[in-house]
Amino acid sequence: MTNYRPTDDRQVADLVTWAMAEEQPLEIVGGGSKRALGRPLQVEHTLDLSAFAGIREYEPAELVLTAGAATPLADIEKALAERKQMLAFEPVDWRALLGSGGQGTSPTLGGVLSCNLSGPRRIRAGAARDHFLGVRCINGRGEVFKAGGQVVKNVTGYDLCKLLAGGYGTLAAMTEVTVKVLPRPEKTRTVLLLGLDDAAAVRALSDALNAPHEVSAAAHLPAGLAAASGVSYVAEAGTSVTALRVEGPGPSVEYRTRALREMLGGQGAAATEELHSMNSVRFWQEIAEVGPLLAGGTGGAAAAAGRAIWRLSVTPSMASAVAAAIARALDGDAQHFYDWGGGLLWVAAPSDAGDRDAGAASIRAAIAANGGGHATLVRAPDPVRAAVPVFEPQAPALAELTKRVKESFDPHGIFNPGRVYRGV
């Protein structure tokens, strides 16, 4: 494999022009931490954009930051922390999940935007694409173009940033991005409800999110996964744990935390507890990084290593029914937990289930029978990811639209061909 590492937009454009003329597709790589996300690629050349790193402009008073697309997230977060600010969509680090935690891999700002990856705060702050203000990139014709700007009101015409977010590098090679940032909360606490079953937990999460207490994250761990947490209060609970995060000024957080405990304490929970400061941060980092499934619960990390991991977007009120249907279909050989108030369901299934489909047929049938939604295969061996639709299969009309969008940006299929869908 040939690795090309351009250092400016013109060199990227020249490389794309060459690749187009020679019909040589390119794998776009920034930090390399998400190469195992999506369908496996069969390409001979890599377009390494790691030279496009560094913060170009940061205006704390304007809540706007511009940086090279390959700037490591760690650098971005350090600079923001110095000014008590943050990326509110809570970008995730999936190196452990995807098995890409080795030397030379690093989550980048452009990578999380391109894959539209958001953490537990998404239910309150919105997705990564909602904070994506501007971009400079090169399309599959070798043309350099810009979209958006440094403030929301500068976005005119088609908001191409929203289109590129979630494109997984199949539409254009991003070299510079601009994002909105927000103040970091003064205080964080997490209310824990102990002993709820899945259905009761989802109802409690919904009640909390609909209450006027500004909950910024809502998750539920069944007992087996809670026992594997690195947070002692959670691991030693000996039962399921339902968690609600509250953030903001100190007095407000204390009041809202107390109100939540009073409101939800009588809904069947054996007890309520609180996580403060670092324990709260650590717990939600585990949720964001899918730590409960990687630890494997009562089965241990060794058992978890051989499992496929799915990310399901479902109707929150039907989440427990979806999980129960999957468990029945896979003869109980699956583990799961809930995030986003039940709207996000993480499932670990045997990677050889259903004749090497990693449980795809059972999982998608359970979703279809219980309110609808979609499922993404996040982790599985390459042969499984090549054989199974990694992303939710599209209806014919939507598939045709997706194909036309791809052809408008990259008519010769140069960028990450087949990473999302075959031929796209």
Side-chain angles (χ1 to χ4, degrees), residues 34 37-39 89-92 94 97-98 112-132 162-163 165-168 198-199 201-203 205-206 209-210 215-222 284 287-290 292-293 308-327 329-330 334-349 357-380 385 388-395 398-399 401-402 419-421:
K34 301 176 185 63
L37 186 59
R39 300 183 68 251
F89 61 89
E90 207 165 359
V92 298
W94 281 357
L97 172 62
L98 298 173
V112 297
L113 293 173
S114 180
C115 298
N116 193 35
L117 300 180
S118 311
R121 197 182 287 109
R122 186 194 189 283
I123 57 174
R124 180 153 191 87
R129 62 162 47 98
D130 299 314
H131 300 256
F132 192 4
K162 298 291 192 296
L163 187 61
Y168 290 81
D198 282 16
V202 171
R203 287 195 297 271
L205 296 178
S206 178
L209 289 169
N210 287 319
V215 170
S216 68
H220 173 72
L221 298 178
W284 291 107
I287 297 298
E289 296 176 1
V290 202
L293 293 183
I309 295 184
W310 290 83
R311 185 174 188 255
L312 282 55
S313 293
V314 298
T315 304
S317 61
M318 301 299 295
S320 62
V322 172
I326 292 171
L330 298 180
Q335 293 179 312
H336 67 273
F337 74 92
Y338 306 84
D339 195 3
W340 297 356
L344 180 61
L345 176 60
W346 285 98
V347 175
D357 81 338
S362 298
I363 289 170
R364 288 184 166 133
I367 293 173
N370 291 280
H374 58 83
T376 300
L377 179 57
V378 175
R379 189 186 77 177
R385 291 190 297 119
V388 172
V390 170
F391 297 90
E392 188 70 20
Q394 295 180 322
L398 184 57
L401 178 60
T402 300
R419 186 174 190 182
V420 180
Y421 301 104

Quiz item: Are the side chains of Ser320 and Tyr338 in touch, meaning some heavy atoms are under 4.5 Å apart?
Solution: yes
Practice problem: Return the minimal non-hydrogen interatomic distance between Ile367 and Gly373, and the atom names on each side. | Solution: CG2-N, 3.4 Å
Practice problem: Could you walk me through whether Gln394 and Thr402 pass the side-chain contact (heavy atoms from CB on, under 4.5 Å) test, one step at a time? | Solution: CA-CA 9 Å; Gln394 295 180 322; Thr402 300; 3.0 Å; yes
Quiz item: Do the non-hydrogen side-chain atoms of Leu345 and His336 ever get within less than 4.5 Å of each other?
Solution: yes
Quiz item: side-chain contact (heavy atoms from CB on, under 4.5 Å) with Ala380: which residues, sequence neighbours excluded?
Solution: Ala308, Leu377, Val384, Arg385
Quiz item: Which heavy-atom pair separates Ala348 from Leu293 by the least distance, and what is that distance?
Solution: N-CD1, 3.9 Å
Exercise. Starting at CZ of Arg129, measure out to NZ of Lys162 and round the result to the nearest 0.5 Å.
Key: 8.5 Å
Quiz item: Mind checking whether Ile287 and Leu221 have side chains closer than 4.5 Å, heavy atoms only?
Solution: yes
Quiz item: For Val378, what residues pass the side-chain contact (heavy atoms from CB on, under 4.5 Å) criterion, not counting sequence neighbours?
Solution: Leu37, Trp94, Leu97, Leu98, Arg311, Trp346, Thr376
Quiz item: Is the backbone of Val202 close enough, under 3.5 Å, to the side chain of Ser206 for a donor and an acceptor to pair up by distance?
Solution: no
Quiz item: Which residues satisfy the side-chain contact (heavy atoms from CB on, under 4.5 Å) test with Arg364, sequence neighbours excluded?
Solution: Trp310, Ala360, Ala375, Val388, Pro389, Glu392, Pro393
Practice problem: Could you tell me whether the side chain of His131 and the main chain of Leu113 form a donor-acceptor pair under 3.5 Å? | Solution: no
Quiz item: If you round to the nearest 0.5 Å, how far is CD of Glu90 from CG of Leu117?
Solution: 12.5 Å
Quiz item: Which heavy-atom pair separates Pro316 from Gly341 by the least distance, and what is that distance?
Solution: CB-O, 3.8 Å
Quiz prompt | Atom pair CG (Leu312) and CD1 (Ile363), whose distance is rounded to the nearest 0.5 Å | solution = 6.0 Å
Quiz item: For Tyr421, what residues pass the ring-ring contact (aromatic ring centres under 6.0 Å, His included) criterion, not counting sequence neighbours?
Solution: none
Quiz item: From Ser216 OG over to Trp284 CH2, what is the distance, rounded to the nearest 0.5 angstrom?
Solution: 7.5 Å
Exercise. With side-chain contact (heavy atoms from CB on, under 4.5 Å) as the test, would you mind laying out the steps for Val215 and Arg124 before giving the verdict?
Key: CA-CA 8 Å; Val215 170; Arg124 180 153 191 87; over 6 Å; no
Self-check item: Phe337 side chain reached by Val290 side chain, heavy atoms, under 4.5 Å
Solution: yes
Exercise. Look at the side chain of Asn370 and the backbone N and O of Met318, then say whether any donor-acceptor pair between them is shorter than 3.5 Å.
Key: no
Exercise. Check Leu205 against Gly342 and note the closest heavy-atom contact, atom names and distance.
Key: CD1-N, 4.2 Å
Exercise. I would like to know whether Val92 and Glu289 meet side-chain contact (heavy atoms from CB on, under 4.5 Å); could you show each step before the answer?
Key: CA-CA 6 Å; Val92 298; Glu289 296 176 1; 5.8 Å; no
Quiz item: Do the non-hydrogen side-chain atoms of Ile326 and Val347 ever get within less than 4.5 Å of each other?
Solution: yes
Quiz prompt | Nearest atoms (heavy-atom pairs only) where Gly359 meets Leu330 | solution = CA-CD2, 4.3 Å
Self-check item: Student check: side-chain heavy atoms of Val112 and Lys34 closer than 4.5 Å
Solution: yes
Quiz item: Quick one: side chain to side chain donor-acceptor pair (under 3.5 Å) partners of Ser313, sequence neighbours excluded?
Solution: none
Self-check item: Side-chain donor or acceptor of Asp339 paired with backbone N/O of Gly343 under 3.5 Å
Solution: no
Quiz item: Sequence neighbours excluded, which residues qualify as side-chain contact (heavy atoms from CB on, under 4.5 Å) partners of Ser118?
Solution: Phe89, Arg122, Ala127, Ala128
